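For clarity, every value in this text was computed on a predicted model and none was experimentally measured.
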Amino acid sequence: MNVGILGLGLIGGSLARAYALEGHTVYAIQRNEGMLSFAMLAGAVHGKLSEETIPQCDLILLAIYPEGSASWLEDNAHLVSKDALVIDCCGTKAQICRRCFPLAQQYGFTFVGGHPMAGSQFSGFKYSRADLFTGQPMVLVPPVFDNVELLDRVKQALKPCQFGSFSVTTAEDHDRMIA
């Protein structure tokens with residue numbers, strides 16, 4: 001599987017490490033080019049997420065703040081394969097889901113809101129690790145709640161992360177619980 005990751009902080013870096021460890025090809029984009037180079041040297045990333053590699057991705061994980069994630073997807077939605085699954089990993093859901101569900105519908109790919117309930121007191125790629133999500137819960141905000149095939153597709157796509165459980169909610173309920 002080809003995986004694209006936006007952002008290589010603690011969450012994005014840990015996602016990259018988990019997928020690379022399982023033998024998947026990981027493309028990433030990071031504002032700090034030096035950090036992207038370091039992630040490549042560390043073996044967590046195989047190449048840059050770009051106009052050329054976005055269409056090759058089966059899974060795209062948005063791991064920066066909501067405004068940046070939504071803006072990036074708005075700018076690049078036309079490049080995302082219709083077969084791709086896009087999952088955000090932001091801390092709040094209302095804004096990103098409101099902006100990204102329509103994009104997915106317009107361009108034909110699948111978008112699901114997500115929030116991995118894992119972390120550390122430290123931030124940045126240097127603290128990322130492939131097992132950060134092992135046994136931890138993952139909250140999902142799908143566009144529809146009764147699509148069992150979609151939820152199974154998401155669980156299979158996230159398998160390298162080894163989440164311990166999945167829960168499904170609305171963006172509003174998620175944000176209310178997190179607040």
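Under 4.0 Å is where a charged nitrogen must lie from a carboxylate oxygen, and between Asp152 and Lys155 no such pair does. In this structure, Arg98 does not pair ionically with Glu172, as no charged nitrogen and carboxylate oxygen lie closer than 4.0 Å. A salt bridge is defined here as a Lys NZ or Arg NE, NH1 or NH2 lying under 4.0 Å from an Asp or Glu carboxylate O, and Lys93 with Asp88 meets this definition. No salt bridge links Glu22 with Arg17; every basic N to acidic carboxylate O contact stays at or beyond 4.0 Å.
A distance of 5.0 Å separates OH in Tyr19 from CE in Met1, rounded to the nearest 0.5 Å. With rounding to the nearest 0.5 Å, the separation of CG in Leu6 from CD1 in Ile54 is 9.0 Å. Here CH2 of Trp72 is found 7.0 Å from CD1 of Ile29. Values are rounded to the nearest 0.5 Å. Within the model, atoms OG of Ser69 and CD of Glu74 stand 11.0 Å from one another, a figure rounded to the nearest 0.5 Å. Atoms SG and CD1, from Cys90 and Ile64 in turn, are 7.5 Å apart once rounded to the nearest 0.5 Å. Interatomic distance, CZ of Phe163 versus CD of Gln136, reported as 9.0 Å (0.5 Å rounding).
One hydrophobic cluster, built from ILVMFWY side chains closer than 4.5 Å, holds both Leu158 and Val168. Hydrophobic clustering, with ILVMFWY side chains joined whenever heavy atoms are under 4.5 angstrom apart, keeps Val139 apart from Leu62. Tracing side-chain contacts under 4.5 Å through hydrophobic residues (I, L, V, M, F, W, Y), one never reaches Val45 starting from Tyr27; they form parts of separate clusters. Placement of Val80 and Val3 in two distinct hydrophobic clusters is found when ILVMFWY residues are connected by side-chain heavy-atom separations under 4.5 Å, directly or transitively. Linking ILVMFWY side-chain heavy atoms closer than 4.5 Å, directly or via other members, places Val141 and Tyr65 in a single hydrophobic cluster.
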Apply side chain to side chain contact (heavy atoms under 4.5 Å, CB included) to residues Arg153 and Thr110 and explain how you reach the verdict. CA-CA 10 Å; Arg153 179 180 176 204; Thr110 302; 3.1 Å; yes

Working for side chain to side chain contact (heavy atoms under 4.5 Å, CB included), residues Ile87 and Ile60: CA-CA 6 Å; Ile87 302 172; Ile60 298 176; over 6 Å; no

Step-by-step side chain to side chain contact (heavy atoms under 4.5 Å, CB included) determination, Phe109 to Leu73: CA-CA 11 Å; Phe109 59 86; Leu73 194 57; 4.1 Å; yes

Chi angles and distances behind the side chain to side chain contact (heavy atoms under 4.5 Å, CB included) call for Met40, His46: CA-CA 6 Å; Met40 288 182 185; His46 303 98; over 6 Å; no

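Within the 4.5 Å cutoff, the side chain of Val154 has heavy atoms near those of the Leu85 side chain. Counting heavy atoms from C-beta outward, Ile11 and Pro116 have side chains that approach closer than 4.5 Å. Looking at heavy atoms from C-beta onward, Leu49 lies out of side-chain contact with Ile5 at the 4.5 angstrom threshold. Considering only heavy atoms from C-beta on, Leu15 comes within 4.5 Å of Cys89 through its side chain. Contact check for Tyr107 versus His78: side-chain heavy atoms found under the 4.5 Å cut-off. At least one side-chain heavy atom of Met177 sits less than 4.5 Å from a side-chain heavy atom of Thr169.
Within the 3.5 Å criterion, the main-chain N or O of Met35 finds a donor-acceptor partner in the side chain of Asn32. Proximity of a side-chain donor or acceptor of Ser14 to a complementary backbone N or O of Arg129 within less than 3.5 Å is detected. Using modelled atom types, no side-chain atom of Asn76 and backbone atom of Leu79 make a donor-acceptor pair closer than 3.5 Å. The closest donor-acceptor contact from the side chain of Gln30 to the backbone of Leu8 lies under 3.5 Å. Using modelled atom types, one side-chain atom of Thr53 and one backbone atom of Ser50 make a donor-acceptor pair closer than 3.5 Å. Using modelled atom types, no side-chain atom of Ser81 and backbone atom of Asp58 make a donor-acceptor pair closer than 3.5 Å.
Phe111 and Phe101 have perpendicular rings, their planes meeting at more than 60° on a 0 to 90° scale where under 30° would count as parallel.
Defined by atom type and a distance below 3.5 Å, a donor-acceptor pair is present between the side-chain atoms of Ser71 and Glu67.
Of all non-hydrogen atoms in Ala18 and Pro160, the two that sit nearest each other are CB-O, 3.8 Å.
Applying the 6.0 Å contact sphere to CD of Glu149 captures no more than 12 heavy atoms from other residues, nucleotides or ligands.
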